Amino acid sequence: MIDEQIALAENGGEAYIGVKINSLTDKTIIDELIRASKAGVKIELAVRGICCLIPGVKGETENIRVISVVGRFLEHSRIYIFGKGEEAKIYIASADFMTRNTLRRVEVAAPVCDERIREQIVYMFNMIMSDNVQARELNSSGNYVRVENDNETVNSQEHFYDMAYEQAQNAEITQITG
């Protein structure tokens, strides 16, 4: 799917890869993401822990943005998005992009086909990438720096917590009155 996005970029299309994982250490995948960046694919990575890819290097990884969001909740969701809009291929999975996962384990990624769930996943991914409270951005020097911008304050974990609480409350009210 990385190759598909590279071909799209080389043909002048809007190519995109979005990934949410806990670690990125697999050299083969890193090399493919670098190749995609060089081709003009916009890449957004939310990597909570270890990240062996340095973004923002001119001529190499300048189309890659890496953030890490660490808060009071340990998140285990993995999201892979290839493309934009209705044409996007969206997967959820259990695996990180670590060599131990790609070479020594059998890992499964499930495609998300339901439109409502696809929209929710893209919304959640975009919210994580917009976090400017807990997020730290990896720069081309290999340092994590606080995300600073003039955008509305976004704490993605607290936002999701509030959403879940509100949905639970609404479900409870529906059961009582239903």
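Being a predicted model, the structure only gives us computed values, none of them experimental.
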What verdict does the side chain to side chain contact (heavy atoms under 4.5 Å, CB included) test give for Asn132 and Thr153, after you've listed the backbone C-alpha separation in whole Å, the side-chain angles of each residue and the deciding distance to 0.1 Å? CA-CA 6 Å; Asn132 56 9; Thr153 300; 4.2 Å; yes

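- Contact of the Ile29 side chain with the Leu24 side chain is registered, since non-hydrogen atoms from C-beta on lie closer than 4.5 Å.
- Here the straight-line distance linking atom CG of Asn149 with atom CD of Glu137 works out to 9.5 Å at 0.5 Å rounding.
- When all heavy atoms of Ile43 and Ser37 are compared, the pair lying nearest together is CD1-N, 3.9 Å.
- Judged purely by atom type and a 3.5 angstrom limit, Asn11 has no side-chain atom pairing as donor or acceptor with the backbone of Gly13.
- Inter-residue side-chain proximity for Pro111 and Lys89 is flagged as unmet; no heavy-atom pair is nearer than 4.5 Å.
- Classification of Arg136 and Asp131 as a salt-bridged pair fails, no side-chain N sitting under 4.0 Å from a carboxylate O.
- For the atom pair NZ of Lys38 and CD1 of Ile64, the computed distance is 10.5 Å after rounding to the nearest 0.5 Å.
- Contact between Ala39 and Ala9 at its shortest, heavy atoms only, is O-CB, 3.4 Å.
- At most 12 non-hydrogen atoms from other residues, nucleotides or ligands lie less than 6.0 angstrom from CD of Glu14.
- Using a 30° and 60° split on the angle between ring planes, Tyr80 and Phe82 fall in the tilted class, from 30° to 60°.
- Each of Glu158, Gln134, Gln157 was scored for a side chain to side chain donor-acceptor pair (under 3.5 Å) with Arg72, with one residue passing: Glu158.
- Within a 6.0 Å sphere centred on CD of Glu115, heavy atoms belonging to other residues, nucleotides or ligands number more than 12.
- Summarising the geometry of Gly83 relative to Ala88, their closest heavy-atom pair is O-CB, 3.5 Å, with the distance given to 0.1 Å.
- Here Arg118 does not pair with Asp114 in a salt bridge; the nearest charged N to carboxylate O distance is not below 4.0 Å.
- The line from CD1 of Ile34 to CG of Asn63 is 12.0 Å long, rounded to the nearest 0.5 Å.
- Hydrophobic clustering, defined by side-chain heavy atoms of Ile, Leu, Val, Met, Phe, Trp and Tyr closer than 4.5 Å, groups Ile67 together with Tyr16, Val69, Ile79, Ile81, Ile90, Ile92, Val112, Ile117, Ile121, Val122, Tyr123, Met124, Phe125, Met127, Ile128, Met129, Val154, Phe160, Met163.
- In the displayed structure, Lys42 atom NZ is contacted under 6.0 Å by at most 12 heavy atoms of other residues, nucleotides or ligands.
- Summarising the local packing, CD of Glu87 is surrounded by 12 or fewer heavy atoms from other residues, nucleotides or ligands at distances under 6.0 Å.
- Contact of the Asn22 side chain with the Arg78 side chain is registered, since non-hydrogen atoms from C-beta on lie closer than 4.5 Å.
- The line from CD of Glu10 to CG of Asp3 is 9.5 Å long, rounded to the nearest 0.5 Å.
- Shortest non-hydrogen contact noted between Glu32 and Ile6 is O-CD1, 4.5 Å.
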With a 3.5 Å cut-off and sequence neighbours excluded, list the donor-acceptor pairs that the side chains of residues 45-59 form with protein atoms.
none

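- Val66 is not connected to Val145 by any chain of hydrophobic side-chain contacts under 4.5 Å among Ile, Leu, Val, Met, Phe, Trp and Tyr, and they are in different clusters.
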